[in-house]
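Remarks on the structure that follows.
Just so we're on the same page: letters track the sequence lines, and every chain starts at 1. All of these numbers come straight from a predicted model, not from anything done at the bench.
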Amino acid sequence: MGKFMTVFKFHLKDGLTSKSFIFGNLITIVIILGIFGFSHFSSNGSKDEVAFINPTPYKTNIDQLNKGLNSVKLFLQEEGDLAQLKKQVRDGELDGIIEMKEKNGLPALTYTYKSFADQELVAILTQKIQQVGIHKTIADSNVNREVAAKLVTPVPVENKALKDTTGTVGIVYIFVILMYLLILGQGQMIANTITAEKASRVMEIMIPKVKPIYMMYGKILVQLVTGLVQIVIMLLGFLASYSLGWIDGKQFSFFGFDIDLSNLTGIVVASFIIYFILGYLLYAIGYAAVGAVVSRTEDLGSVSFPIIMCIMVAFFIGISSIFNPASTLVVVSSYIPITSPIVTFSRIVSGEAGYAEMGITIVILLASIAIINHLASRIYVNGVMNYSGKVKFKDVIQMAQKR
Amino acid sequence: MGLEIYQLSKSFGETKAVKNLSFSLKKGEVLGLLGRNGAGKTTAIKMLLCLLSPDRGEMTWEGKRLDQANVSIGYLPEERGLYPKTKIVTQLRYFGELEGMSRKQVDEAIDHWLEKLEITEYKTKKANELSKGNQQKIQLIATLLHDPELIILDEPFSGLDPVNANLLSLIIEEQIKSGKTVILSSHRMEQIESFCEHICLMKKGEAIAKGRLDQIKQDYGFRNLTISNSEAVEAALHDWKIPFEKGQTDIVVKVTDDKEAIQLLNRFEECSIPIRNFRMLEPTLNEIFIEKVG
């Protein structure tokens, strides 16, 4: 245990004080603050400006129209300015022009923009101007006020979701990406450090001093700790943005996915940590074995390809589980070890996986880790002193069989 | 008892790297492991270090299985084995602590060795900032830091300039004098001859000569009769069709024993060829090496 702790402390210090770790985390903090800061400042007073021209008899209230628009600010303009306004749109000085016309006794809109239409503007204006048209038609037709009121009253739709998961989508999305990136990144780091030790022949110095298995677990645990430190640093960046008021807890979204922070419960955080650690161990042990069988870092890519493929599959099924957490593929995948950590976590957050499923998947993962550990530790011990050129699959099998 | 190696064998696929290698070395003795490139020396060393597991055979130290639990080993590999981006002091501390040294002990030992090897200024440098020779010195410190009982040096002089090679020779001598058991693998025969009482000469994985160096020289079958060079001596040897090697001042004739040497000297006398000076010399290790494995 003493030697294991010496190995662990050495690699931990090496990892936490390395330039790549320090600069990587500084960049992460800057990116997090940058994204939220930009989002905050760009959303305050920098709405797209669109000119609104209405020479028709249909009465519109520009302030009422602006109330429903989040990204656009409409302002009234005279019809005579149209040519000048179009030039401004072309030059990028103005974001668009809405011209209101009358066609066949109904209001019509012409939207002029440079390259991309604002879909929110189109949807809201269409709905509101239609209402204006209906009101005028009713007034012109001398329809009874009460009847008119009934005619323009929209059909009430009451949403009654038995399991409301809309607020969890963004959380799952963030955590699935985080889990994927950390497992992939830390796993690659493990393989790289092992191969680098072999390439620099430090391994020959180390093996007479310490059991190879201690070195393997030392590195795996160090990368787990550095991975968790990275999560904490990301969280600090998030909290800093929140305390600066750059994040609105009620209207927070991530790449278009709404995030309701009230869904970030203890069980979500706990299950993320549990499944991240289990998934990490499963893949990290595999990466350690892969790092041990090659002698040069440039050979690592081809040998680690099967592991990367497994993580990619888990990631894509994890992403699909966000939108359809009860599909057969997702349910089956939550019991398959390579996909289980990401997929089961996604199902837990969306409320599809209960305690029984959690228990079963954790047992499956622990059993898989034990099996992988048994094989990988043999591959590691027999592989670290293998300096032959190209490693074939049958060589790896032999290493796994050899005691 | 010391080190006992019995019937050690190792194959890589069809290639037999080491075949039935056996030798024993008492505590405090020095063994020179010799052989051409690919003779199996490094494979044998790696088995001694438990870096490779033998297919067959036994290795013991003081009657117990040879492993890190039963003997403290210092190993200087042929290729440098340092963490390139880690400070020298950090990695030396790491190596020392893995050998069971306390932080205080290891720090004292680091300072002692850095001073001895005249490289104190590199203590806080990274390994990749050092020259090849200085990296070799750091490697030597890592080998000796924990005061090991068994020292295995694989090509210790490679990459060193004459001044540093001399410094290393002095340190090896010091270790030998302090009673350490040393296995030295080198292609520099003069170094082996000066340090080692015992040798093991390997060819294609097998030990073709092993034992005490003086005994091996005696058993070699030839001795060098060295005669002062003269035109008359040279002409006579030509006439008698006796092969010889001509140096600047001497002529060397290989003879099987003293009797053959006396016969040759008598022949010179009978022919009235004056001999100013002559000596009987043991064969050099270099000659034995070339004869046996060349």
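- Taking 4.5 Å as the limit, some side-chain heavy atom of B:Leu51 sits within range of a side-chain heavy atom of A:Pro208.
- Going from atom CD of B:Glu79 over to atom CD1 of A:Ile205 covers 11.0 Å, rounded to the nearest 0.5 Å.
- For A:Val7, the parts lying near chain B are the backbone and the side chain together; criterion is any non-hydrogen pair under 4.5 Å.
- Other residues, nucleotides and ligands contribute only 12 or fewer heavy atoms inside 6.0 Å of the CZ atom of B:Arg36.
- Annotation: side chain of A:Arg201 is not in contact with side chain of B:Pro77 (no heavy-atom distance under 4.5 Å).
- The local environment of CZ in B:Phe12 is crowded, with over 12 non-hydrogen atoms from other residues, nucleotides or ligands closer than 6.0 Å.
- Residues satisfying the side-chain contact (heavy atoms from CB on, under 4.5 Å) test with A:Ile31, not counting sequence neighbours, are A:Ile27, A:Ile35.
- Ring geometry, B:Tyr94 versus A:His11: the interplanar angle exceeds 60°, so the pair is classed perpendicular (tilted spans 30 to 60°).
- Under the 4.5 Å side-chain criterion, counting only non-hydrogen atoms from C-beta, B:Leu49 is not in contact with A:Ile207.
- Between chain A and the options B:Leu82, B:Leu76, B:Ile73, heavy-atom pairs under 4.5 Å are most frequent for B:Leu82.
- Atom OG1 of A:Thr6 and atom CZ of B:Arg93 lie 13.0 Å apart (nearest 0.5 Å).
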Practice task
Go through the steps to decide whether A:Phe10 and B:Phe95 satisfy the test ring-ring contact (aromatic ring centres under 6.0 Å, His included), and finish with yes or no.
Solution key: CA-CA 10 Å; A:Phe10 173 78; B:Phe95 295 146; 7.7 Å; no
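- Among the residues in residues 98-117 of chain B, those with a non-hydrogen atom closer than 4.5 angstrom to a non-hydrogen atom of chain A are B:Leu98, B:Glu99.
- Scanning residues 121-143 of chain B against chain A with a 4.5 Å non-hydrogen threshold yields B:Gln139, B:Ala142, sorted by number.
- For B:Glu58, the CD atom counts as loosely surrounded, since its 6.0 Å shell holds 12 or fewer non-hydrogen atoms of other residues, nucleotides or ligands.
- Note: A:Ser200 leads A:Ala196, A:Pro212, A:Ser200 in heavy-atom pairs under 4.5 Å with chain B.
- Here NZ of A:Lys209 is found 8.0 Å from OG of B:Ser72. Values are rounded to the nearest 0.5 Å.
- Counting non-hydrogen atoms of neighbouring residues, nucleotides and ligands closer than 6.0 angstrom, the NZ atom of B:Lys19 exceeds 12 such neighbours.
- You'll find the side chain of A:Met206 reaches within 4.5 Å of the side chain of B:Tyr83, heavy atoms only.
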Problem - Test log, rule salt bridge (Lys or Arg N to Asp or Glu O under 4.0 Å), inputs A:Lys3 and B:Glu97 - result: CA-CA 8 Å; A:Lys3 284 192 178 184; B:Glu97 284 174 1; over 6 Å; no
Can I get a per-line list of side-chain donor-acceptor pairs under 3.5 Å for residues 280-287 of chain A, giving both atom names and the distance, sequence neighbours left out?
| residue | atom | partner | partner atom | Å |
| --- | --- | --- | --- | --- |
| A:Tyr280 | OH | A:Ile220 | O | 2.5 |
| A:Tyr280 | OH | A:Leu224 | N | 2.9 |
| A:Tyr283 | OH | A:Ile338 | O | 2.6 |

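- Neither the backbone nor the side chain of B:Lys85 comes within contact range of chain A; no heavy atom of the residue lies under 4.5 Å from a heavy atom of that chain.
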